[in-house]
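Note on naming: letters A, B, ... go to the chains in the order of the sequence lines (proteins, then strands), and numbering restarts at 1 for each one. The basis for the numbers below is simple: all heavy atoms, side chains too, and nothing from hydrogens, waters or symmetry mates. Since the model is a prediction, treat every value here as computed from it, not as a measurement.
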Amino acid sequence: MNLFRYFQDSVAVALGELVAEGALPAGLDASRIAVEPPRDPSHGDISTNAAMVLSKPAGVKPRDLADKFAVKLRAHPEVTGVEVAGPGFINLRIRDSFWQARLADILRAGRSYGDSTAGGGKPVNIEYVSANPTGPLHVGHGRGAVVGDALAGLLNKAGFKVCREYYINDAGAQVDVLARSTHLRYREALGETVGDIPEGYYPGEYLKDVGRALAERDGPKWLGTPEAEWLATVRQFAIDALMIGIKEDLGALGIRHDLFSSERKLVEAGAIQAPLEALTSAGLIYEGVLEPPKGKLPDDWEPRPQTLFKSTEFGDDVDRPLKKSDGAWTYFAADIAYHLDKYRRGYAEMIDVWGADHGGYVKRMQAAVKALTEGKGALDVKLCQLVNLFDGGVPVRMSKRAGTFVTLRDVVDEVGKDVFRFMMLIRKNDQALDFDFAKVTEQSKDNPVFYVQYAHARATSVLRHAAEQFPAAELTSEALAGAVLNRLTDPAEISLIKILASWPRLVESAAEAHEPHRIAFYLQEVAAGFHGLWNKGKEDATLRFILSDDTEMTRARLALVQGVAHVIASGLIVFGVEPVEEMR
RNA sequence: GUGCCCUUAGCUCAGUUGGAUAGAGCAGCCGCCUUCUAAGCGGCAGGUCACUGGUUCGAAUCCAGUAGGGCACGCCA
């Protein structure tokens, strides 16, 4: 239950009554009415701008209108107080029993609390990672992987039907380079001395294994033969081998895509033709010559006629080429076909997670999606900024050449998948992120992963202790839902329940905004509320969760503790992070 | 030169899609452990939301411009 929706309905009912009574004209636009928590909790539990939004079209002063609403809302059974404040805000105070009932909701729902039907089962495609199969994943890929995966988890919780997809760029020049580099290592594996890896080849050590595996499978078959004979075979062999490695790296992070789509297969199946024809008949493709780029001119720039897509008609800055000068399709052309393919598979809503260095590519891709789907398809692109690695405050310098390149796997093996995942979600995706090996493994409040995990562990620990002390009491989540929850009256207890009860709304708004990081901040808020409450028991023994002489109160408090554990677990699960029961 | 992103407390960052007196954490200062895990908690102090205009009941948020930082800029992906 999103309780703000619940009260939004109450406001709508009040509006209807006022209209029926002739106090307000009919046909007012209610869409801008917001029902939300006030920024300042001292203003109440629920706040609405209804009077201010309706004031002008209704021709009534906002404060006067608010007073009319206040009369109606005061009659609401859950409302204990209504105040009109400031320019015309209507603030509601909700009775404790309402919040206590929400805690019971949480206990009955367990970790699925916050599951929403807001998405209505609508299919959403999230394409993330999609790293070129030319080497192991690095930390930047890891951020995109986690952001994409958490977003998928979030949308899934919000009621969308999510497809997690990986686009394999296995066509194009870079995989030919991969094939040649692998062939070199293959020759090396068969006893040749290759010396330094020449320019234009991938130097990575990881290709030695691939070359050796190829030598084991095919023997000397590809020695001394012209490139044209072995290129395709070696290429596919290397791509397959590297994709296995990439999937292992992702697996270590707990990420499994539903679908891997191959660019090469798409191109070979002739999928590029259809969208191009559609664009051509729409008059969006032409042969033309682009203006030279302003500013620094590339050395070899010369005007050339090209096949161009009129992306400027859809908000792009310049039209974009679809064919290279040798007649081959550009990556963009294949990507157009790929996005149309996703759309045809039923995904009108698409999300791509890219590195920030692809920022210049967003507009043209969105232009293409708009053009090909007649505006019915929507593409959102989440750009992930850099991850800066530190160790104890000292930047970790990375150089492929010096062999100090840090792979995603290195980091995950060092700090664990849960720490890595949480840390990747602690910043907005378009914000650069510092990752300090020393800090993220530290067990202190400075470390948000620890802080949140500890709250969950502490909650489950309290429940364990209680089970020992009250062997006869029914302490399952379902049983605690039936505890005498109106004994929870301490302001700190009620305020913690209010935080927990805002989880469904947070899920919906974070999902709508495609912003999983909001969950990280929310979980820290829950953890802080819980740690604070726990500590009150230190100062005032009557506020402890476990009171050996009062089973009824203990059960009510344990209900709250269990609720905290459920909500934290629910959030961590969206992130793909395991809620721990004990800190080790 | 153009486009996109960013600029909020000493530092790192949130800011619920335009709401009320702009919030956390760290660092600083002051307190709190014979106790359910102190691996923690409470309090104080800290602000020209880069700057200038505009839009309106109301702007950190939207628009225009200025300054600074990052990324990208035909046949790479």
Please classify the nucleic acid contact of [X] as base, sugar-phosphate, or nothing, using heavy-atom distances under 4.0 Å.
| X | answer |
| --- | --- |
| A/Ala328 | nothing |
| A/Lys536 | nothing |
| A/Pro448 | nothing |
| A/Asp40 | nothing |
| A/Gly532 | sugar-phosphate |
| A/Phe521 | sugar-phosphate |
| A/His517 | sugar-phosphate |
| A/Pro87 | base |
| A/Lys428 | sugar-phosphate |
| A/Ala85 | base |
| A/Ser47 | base |
| A/Asn429 | nothing |
| A/Phe450 | base |
| A/Gln469 | nothing |

Rounding to a whole Å, what distance do you find between [X]:[atom1] and [N]:[atom2]?
| X | N | atom1 | atom2 | result |
| --- | --- | --- | --- | --- |
| A/Arg505 | B/G15 | CZ | P | 13 Å |
| A/Arg555 | B/C36 | CZ | P | 23 Å |
| A/Tyr522 | B/A24 | OH | P | 17 Å |
| A/Gln524 | B/U12 | CD | P | 17 Å |
| A/Asn132 | B/C76 | CG | C1' | 10 Å |
| A/Lys538 | B/C33 | NZ | P | 11 Å |

*Side-chain N,O (A/Gln431) to OP1/OP2 (B/A14) below 4.0 Å*: yes

*Contact under 4.0 Å: A/Arg464 side-chain N or O vs B/U37 OP1/OP2*: no

_Side chain A/Asn91 and base B/A20 donor-acceptor under 3.5 Å_ = yes

*Can a cation-pi geometry be assigned to A/Arg320 and A/Phe332, taking NZ or CZ under 6.0 Å from the six-membered ring centre and within 45° of the ring axis?*
no

*asked:* Could you tell me if A/Lys382 sits above the aromatic ring of A/Trp354, with its cationic atom closer than 6.0 Å to the ring centre and no more than 45 degrees from the axis?
replied: no

*Are side-chain N/O atoms of A/Ser116 and A/Glu508 paired as donor and acceptor at under 3.5 Å?*
yes

Provide the Watson-Crick or G-U wobble partner of [N], both distances under 3.5 Å; none if there is no partner.
| N | answer |
| --- | --- |
| B/C36 | none |
| B/A22 | none |
| B/C71 | B/G3 |

*Indicate syn or anti for B/U17, taking the glycosidic torsion and treating anything within 90° of 0 as syn.*
syn

*On the 0 to 90° scale, with breaks at 30° and 60°, tag the A/Phe422-A/Phe575 ring pair as parallel, tilted or perpendicular.*
perpendicular

_If the condition is side-chain hydrogen bond (donor to acceptor under 3.5 Å, both in side chains), which residues does A/Asp430 pass it with, not counting sequence neighbours?_
none

*Select one nucleotide: of B/A77, B/G40, B/C36, the one nearest the side-chain heavy atoms of A/Trp534.*
B/C36

*Expected output: side-chain A/Ser261 to main-chain A/Tyr167 donor-acceptor under 3.5 Å*: no

*With nearest nucleotides of RNA chain B determined for A/Phe332 and A/Leu543 from heavy-atom distances, which residue corresponds to the more 5′ nucleotide?*
A/Leu543

